[in-house]
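FYI, side chains are in, hydrogens and waters are out, and symmetry mates aren't considered; it's all heavy atoms of this structure. Labels below follow one simple rule: chain letters A, B, ... track the order of the sequence lines, proteins then strands, and each chain is numbered from 1.
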Amino acid sequence: AQKVTQAQTEISVVEKEDVTLDCVYETRDTTYYLFWYKQPPSGELVFLIRRNSFDEQNEISGRYSWNFQKSTSSFNFTITASQVVDSAVYFCALSEQGGSYIPTFGRGTSLIVHP
Amino acid sequence: SQTIHQWPATLVQPVGSPLSLECTVEGTSNPNLYWYRQAAGRGLQLLFYSVGIGQISSEVPQNLSASRPQDRQFILSSKKLLLSDSGFYLCAWSVGSYGYTFGSGTRLTVV
């Protein structure tokens, strides 16, 4: 069974719009970590955030915010006032204590921000 | 500071030729090391991971192999490349659960 689901394959928005990228995960571990990575056209994956399973506080970093809800097994990522530079593929990932913390990635969501 | 080096950046190889991609990490000791492949479909496929020198775990059976001759060196190899080996190969490292740092990747085209 897929452990990390990013149901949105591609999202297209116009600059300055807000956009939310969904991530739903599945795990039986009580100790796990969730991540978001950004992959710009250059290809390198850039770490955005790490969240452990015991910390459900939402986080805001500039125009980026993350909503972690254990009740719905979701870890959604919102970009406020999107910019063209936000265009990239975004990956959500899960690592579990029972899985030796080997990460499982979702299939990614391609975000296209039009000027 | 920790850095990860991966080379070459791009590679075009004929079918049947050998392959060697190298990844080295600086600024950390005893990291977990990973090789991922990203095909045109965009998903990241874990190929190999290593928790220590000489310890390699394979996730997907195929004609690729990996080796870890030194603590901070991870090599991806093939004796004979197939067309299906084309893709974007990423090396990564981690310590415990503290996130994963990726190299800049190698774009391999098998012709």
B:Thr109 and B:Ser86: side chain donor to acceptor below 3.5 Å: no
Chain B contacts, top residue of A:Ser95, A:Pro103, A:Gly43 (heavy-atom pairs, under 4.5 Å): A:Pro103
Heavy-atom contact with chain B under 4.5 Å, split by part of A:Phe91: side chain
Which atoms of A:Gln97 approach chain B - backbone, side chain, both or neither, heavy atom under 4.5 Å: neither
Pair A:Tyr37, B:Tyr100: side-chain N/O donor-acceptor within cut-off below 3.5 Å: no
A:Thr104 portion near chain B, given a 4.5 angstrom heavy-atom threshold: neither
Expected output: side-chain B:Thr24 to main-chain B:Arg72 donor-acceptor under 3.5 Å: no
Check: B:Gln6/B:Ser104 side-chain N/O donor and acceptor closer than 3.5 Å: no
